[in-house]
> 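Sending over a structure as structure tokens; questions will come in a sec.
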Amino acid sequence: MERNNIINEIRENLIAVIEQSSPLGISLWQALVEMHPVDIVDFLSAIDRDYAEQIFKKLPEKLSLEVFSGLSDSMKVFILSRLDDHERVDLLNELPTDELTDLFDELSDEELKHYLNLLHKREREKVLSLLKFDADSAGGIMDIDVVTLTEDFTVAKSIQLLQRLQPSKEIHHNIYVTDRTHRLVGYINLEDLVLQKPTERISSFMQDPELVVHADEDQEKVAKAMVRYDVMTVPVVDEANRFLGSIPTSTLVDVLVEEAAEDVEKMSALAPMRHSYFETPFFQQLWERSYILIALLLAESFSGVILRSYEATLGYLLLAFVPTLISTGGNTSTQTSAIVMRGMGSGEILGANVWRFLRREFMMAVMLAIILGTTAFIRLTVISQATMLQGIAVSTSLGLLVMLSISLGSSIPFILRRFNIDPAFSAGPFLSTLMDILGVLIYCYIAKLIMVQ
């Protein structure tokens, strides 16, 4: 709570804090620079960008580097645009290569060329090598500042090498081993360098990697494989098996969070947001949300057309049961889709057991159709005092709709994946709208067959 109070007070006295023109402004500025860099990032992202720029320029050098690294890519671009080349070089050279690559995706061609020229030659070569890969591929997210060992190194030589490189290169638990042509041949664990004799060669105790991915593989596929095989890092190779880099656990977490967010958006009939909520222009969000809702609204109008065509057949009592019917169909399909998406996401439902899953869901559909159909029949005939024929019409329609909902909800994700379409699109409003239309059509048709003698 104290931190929130300080932030609110800084926001209320923003000009005084920037200018440090009063004792209050000076004390609040001191409180600001003593905050954690993550909290400063959140504060700068929440205020006007012009004020954020002025505050950022006044931050101590070390703190400004930490804050800059935590800013969103669009905010980084804005800050860089307000600095001179000397300041830009200091910031760009402190960023890890993968963050630089993400940042450069936000730049125009002219800005990209200018900023690349500012970087040291070695860093430029790293960034350019990553820019060849798609941003959502294994090559686009891999870490290339990774220590590798050669298979004929001894333990003593390997330790000496790690001690020299440790300040400038990240060392993971798994250390990958290559041959003289830089082709991946295996890996060792960090503790092996302590347990093995100093004269032992790496090749004598290295292990084969449990998982190796190619640079052009999709990041979501790689992340699922890492979770399935429970590996902390995974090596990335090219077509010739040359070692390019590795994907660590920290990147895996980022990918899983990103993909989960995208799936939620797709299941909600939203286009994936490239930027955060507040950084996305209001009218862009309005367009992306409205055109899909308009399409679904127009599609739902088919339900009204069908109901008007069968209005005389259904009568008041049967019409009153339509919301319950289509709601049950939508709930059933959404429930089934959630089970499928969870199974596909965790790797539990794979190509080898798809038919087993579909057979199991078919049996589930039959049993739920009987249970829900019987429940609807009892409710309608006992509570609503409907006739036997009306009860049969409703319960039969409901049972068929439940079976169809489960069948479509369980099979459509696999069909979409077969055509390289994200299965997440099969859930949420799209499937619910389809089930609304089919539910009304089935209900009206069954009611006509049973009620009209």
> Considering non-hydrogen atoms only, spot the tightest contact between P209 and P235 and give its length.
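Closest pair (atom of P209, atom of P235, distance): CB-CG, 4.3 Å.
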> Please indicate whether E239 has more than 12 foreign heavy atoms, meaning atoms of other residues, nucleotides or ligands, lying under 6.0 Å from its CD.
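Check fails, neighbour count at 12 or below.
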> With a 6.0 Å cut-off (strictly less than), is the heavy-atom count around CZ of F362, excluding the residue itself, greater than 12?
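No.
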> Just by modelled atom types, is the F153 backbone N or O under 3.5 Å from a matching donor or acceptor in the T150 side chain?
no
> Backbone N or O of D84 within a donor-acceptor pair of the E87 side chain at under 3.5 Å?
yes
> How close do I26 and Q20 get, heavy atom to heavy atom, and via which atoms?
CG1-O, 3.7 Å
> Taking R201 for its side chain and T154 for its backbone only, find out whether a donor-acceptor pair lies under 3.5 Å.
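Side chain of R201 to backbone of T154, a donor-acceptor pair under 3.5 Å: no, none is there.
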> Considering residues at least two apart in sequence or located in another chain, which fulfil the side chain to side chain contact (heavy atoms under 4.5 Å, CB included) criterion with P60?
V33, L63
> May I ask you to decide if R242's main-chain N or O and H182's side chain share a donor-acceptor pair within less than 3.5 Å?
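No.
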> First locate atom CD of E61, then atom CG of L65, and finally report the distance between them rounded to the nearest 0.5 Å.
6.0 Å
> Is there a donor-acceptor contact under 3.5 Å from the side chain of N13 to the main chain of E9?
yes
> Charged N to carboxylate O below 4.0 Å: is that the case for E53 and K57?
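Salt bridge: yes.
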> Whether the side chain of D238 engages the backbone of A240 through a donor-acceptor N/O pair (distance < 3.5 Å, no angle test) should be reported.
yes
> Would you check if the side chain of S27 reaches a backbone N or O of P23 as a donor-acceptor pair within less than 3.5 Å?
yes
> Tell me if the CG atom of N8 is crowded by more than 12 foreign heavy atoms within 6.0 Å.
yes
> Any side-chain to backbone donor/acceptor pair from N241 onto L184? Under 3.5 Å, distance only.
yes
> Could you tell me if N353 and R356 have a donor-acceptor pair between their side chains, going purely by distance under 3.5 Å?
no
> Donor-acceptor pair, distance only, cut-off 3.5 Å: does the side chain of E200 make one with the backbone of K197?
no
> Restricting to non-hydrogen atoms, name the atom on I47 and the atom on I55 that form the minimum distance, rounded to 0.1 Å.
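Distance-wise, the nearest heavy atoms are CD1-CD1, 3.9 Å.
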> So, T233 versus Y176: side-chain donor-acceptor pair below 3.5 Å or not?
yes
> Heavy-atom count around R11 CZ within 6.0 Å, excluding the residue itself: above 12?
yes
> Taking everything shown except Y51 itself, do over 12 heavy atoms lie less than 6.0 Å from its OH?
no
